[in-house]
Amino acid sequence: MKQDVGEDEELARYIFSRRQIRANGSVKPEALMPSPHPDMSVTRHLSLPENAIWGIGEGISAERGLPLQGRLDLVSKNLTKYGLQVKTAPLPDNENHANVTSWPQDKPAQKQIALEVCAEAGNAKRP
Amino acid sequence: MLVALPPNIPAVEVVQTSGMSAVAQNLDDMLRGISKHLRDSVTLDAGLHSALLELEALKAECAAPNWDGYGANALDPESHMLAKSFLENLPLGIIAPSIAADPDGQVTVEWYKSSRSLVSISFDPVGILHYASIIGSRKANGSEPFIGSIPRVILDLTHKVPA
């Protein structure tokens, strides 16, 4: 059954491209840009322990053949305040999966939101 | 490594003239020739040289789709060409940006000092620059055509990100 994603829930965005993390550990907006898709994929922390959150990322990494570079933890309300929505979208291999939807159509507006969210989220965590 | 000009060498900016006369055209050609001559000196513009190398590395890294693990498009060759032209038209002495790609296959360049001082530009293959910035408490974003000379609004933003 679908659950609403709470405003204070933490969400993980796994990062598989080394270029999306700066040398100082902060994350570039490219890591959050949805295009060419309408949504951005995230994983809800819920009550998972740290090793289980990393485990999901490692699983995706193995499936896609790309090294896991890190993850950016986001708080749901720091997305929804920009007009985005976080919707549960469980997958067979990741029942905590959710989509960040309702991105603006124009690219500069998408970039601005991604810049703001990254600026507020702090640094990537490394596996 | 990004290298700035020594402080005693002022930044050189070539502004494309809008005049249509033969004199204006000659002046424009002469300024571009001077700019190219100066650029050919790696010691003067090592930062740009490094950025161009990074751009070529990006092309290889993002040549196939799904380079980000989320179904990204392969790097767009037209976007790559625009980015190269953009870098080659930057004012001499400016700190070179870092290079990356958006999931839609567009090249991006970024000037970054901190999370409150940065400018990001994407190169739309149709010849448009999409930019977004945070400079202190001010935010600016928009789109500008790129037809060989760098739009003033974008140059102004890059100058606001301290070295």
Side-chain angles (χ1 to χ4, degrees), chain A residues 13-42 57-71 82 97 99-100 103-123, chain B residues 1-2 54-55 57-58 61-62 64-76 79 97-124 126 128-144 153-154:
Chain A
R13 172 68 171 175
Y14 299 109
I15 299 171
F16 302 98
S17 170
R18 68 175 178 87
R19 288 184 184 271
Q20 293 178 340
I21 302 177
R22 300 186 187 95
N24 68 359
S26 61
V27 174
K28 289 189 170 187
E30 291 88 339
L32 302 189
M33 294 288 284
S35 178
H37 310 293
D39 305 328
M40 179 186 74
S41 185
V42 292
E58 294 288 358
I60 299 169
S61 166
E63 176 198 330
R64 301 177 190 182
L66 293 166
L68 180 59
Q69 304 289 343
R71 78 170 205 247
Y82 294 106
H97 183 258
N99 284 324
V100 179
W103 288 84
Q105 290 289 313
D106 70 306
K107 186 152 181 175
Q110 286 185 4
K111 286 175 73 73
Q112 192 71 52
I113 290 174
L115 280 183
E116 294 287 335
V117 172
C118 284
E120 291 164 359
N123 286 359
Chain B
M1 184 175 68
L2 304 180
E54 275 296 299
L55 184 61
L58 180 77
E61 282 175 34
C62 304
N66 199 32
W67 50 265
D68 69 342
Y70 293 104
N73 292 342
L75 198 74
D76 188 292
S79 179
S98 65
I99 311 290
D102 279 333
D104 60 5
Q106 295 181 11
V107 175
T108 66
V109 298
E110 179 187 77
W111 279 267
Y112 173 90
K113 178 66 175 177
S114 71
S115 62
R116 306 314 301 180
S117 182
L118 72 165
V119 179
S120 174
I121 303 164
S122 299
F123 296 83
D124 191 317
V126 300
I128 302 288
L129 308 180
H130 302 298
Y131 67 92
S133 66
I134 303 174
I135 309 288
S137 60
R138 301 191 67 174
K139 301 159 192 173
N141 65 78
S143 299
E144 291 285 334
V153 64
I154 287 179

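Residue numbers start from 1 in every chain, and the chains themselves are labelled A, B, ... in the order their sequence lines are given, proteins ahead of strands.
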As an exercise, state the distance from [atom1] of [X] to [atom2] of [Y], rounded to the nearest 0.5 Å.
{"X": "A/Glu30", "Y": "B/Thr108", "atom1": "CD", "atom2": "OG1", "value": "3.5 Å"}
{"X": "A/Arg22", "Y": "B/Leu118", "atom1": "CZ", "atom2": "CG", "value": "6.0 Å"}
{"X": "A/Ile113", "Y": "B/Asn141", "atom1": "CD1", "atom2": "CG", "value": "9.5 Å"}

Please state whether the side chain, the backbone, both or neither of [X] comes within less than 4.5 Å of a heavy atom of chain B.
{"X": "A/Gln20", "result": "side chain"}
{"X": "A/Arg13", "result": "both"}
{"X": "A/Leu115", "result": "both"}
{"X": "A/Ser26", "result": "side chain"}

Considering all heavy atoms of both residues, which atom of [X] and which atom of [Y] are nearest to each other, and what is their separation?
{"X": "B/Pro103", "Y": "A/Pro36", "answer": "O-CD, 3.2 Å"}
{"X": "B/Trp67", "Y": "A/Leu66", "answer": "O-CD1, 3.9 Å"}
{"X": "B/Ala132", "Y": "A/Lys111", "answer": "CB-CB, 3.7 Å"}

Before you tell me yes or no, could you show the steps for B/Ser143 and A/Lys107 under side-chain hydrogen bond (donor to acceptor under 3.5 Å, both in side chains), namely the whole-Å CA-CA distance, both residues' side-chain angles and the distance that decides it to 0.1 Å?
CA-CA 9 Å; B/Ser143 299; A/Lys107 186 152 181 175; over 6 Å; no
Heavy-atom pairs under 4.5 Å with chain A - which of B/Ala72, B/Ala101, B/Ser120 has more of them than the others?
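Top option by heavy-atom pairs under 4.5 Å: B/Ser120.
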Out of A/Arg18, A/Met40, A/Gln69, A/Gln110, which one racks up the most heavy-atom pairs below 4.5 Å with chain B?
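Between A/Arg18, A/Met40, A/Gln69, A/Gln110, the count favours A/Arg18.
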What residue, out of A/Ala114, A/Ser17, A/Ala119, has the most heavy-atom pairs lying under 4.5 Å from chain B?
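Looking at each of A/Ala114, A/Ser17, A/Ala119 in turn, A/Ala119 comes out on top.
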Could you please spell out the steps behind the salt bridge (Lys or Arg N to Asp or Glu O under 4.0 Å) verdict for A/Arg19 and B/Glu54?
CA-CA 11 Å; A/Arg19 288 184 184 271; B/Glu54 275 296 299; 2.8 Å; yes
I'd like to check B/Ile134 versus A/Glu116 (side-chain heavy atoms, cut-off strictly below 4.5 Å). Are they in contact?
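B/Ile134 reaches A/Glu116 side chain to side chain.
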Any non-hydrogen side-chain atom of A/Glu120 less than 4.5 Å from a side-chain atom of B/Ser115?
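Answer no - side chains too far apart.
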Is B/Ile128 close to chain A through its backbone or its side chain, or both, or neither, when contacts mean heavy atoms under 4.5 Å?
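When you check distances to chain A, no heavy atom of B/Ile128 falls under 4.5 Å.
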Do other residues, nucleotides or ligands put more than 12 heavy atoms under 6.0 Å from the CD atom of A/Gln105?
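Counting other residues, nucleotides and ligands, CD of A/Gln105 stays at 12 neighbours or fewer.
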Side-chain donor/acceptor of A/Gln112 to backbone N/O of B/Ser133, under 3.5 Å
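Yes: the side chain of A/Gln112 pairs with the backbone of B/Ser133.
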Please confirm whether the backbone N or O of B/Gly69 pairs with a side-chain atom of A/Arg64, one donor and one acceptor, at under 3.5 Å?
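Side chain of A/Arg64 to backbone of B/Gly69: a pair is present.
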Aromatic ring centroids of A/Tyr14 and B/Tyr70 under 6.0 Å?
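Ring centres of B/Tyr70 and A/Tyr14 not closer than 6.0 Å.
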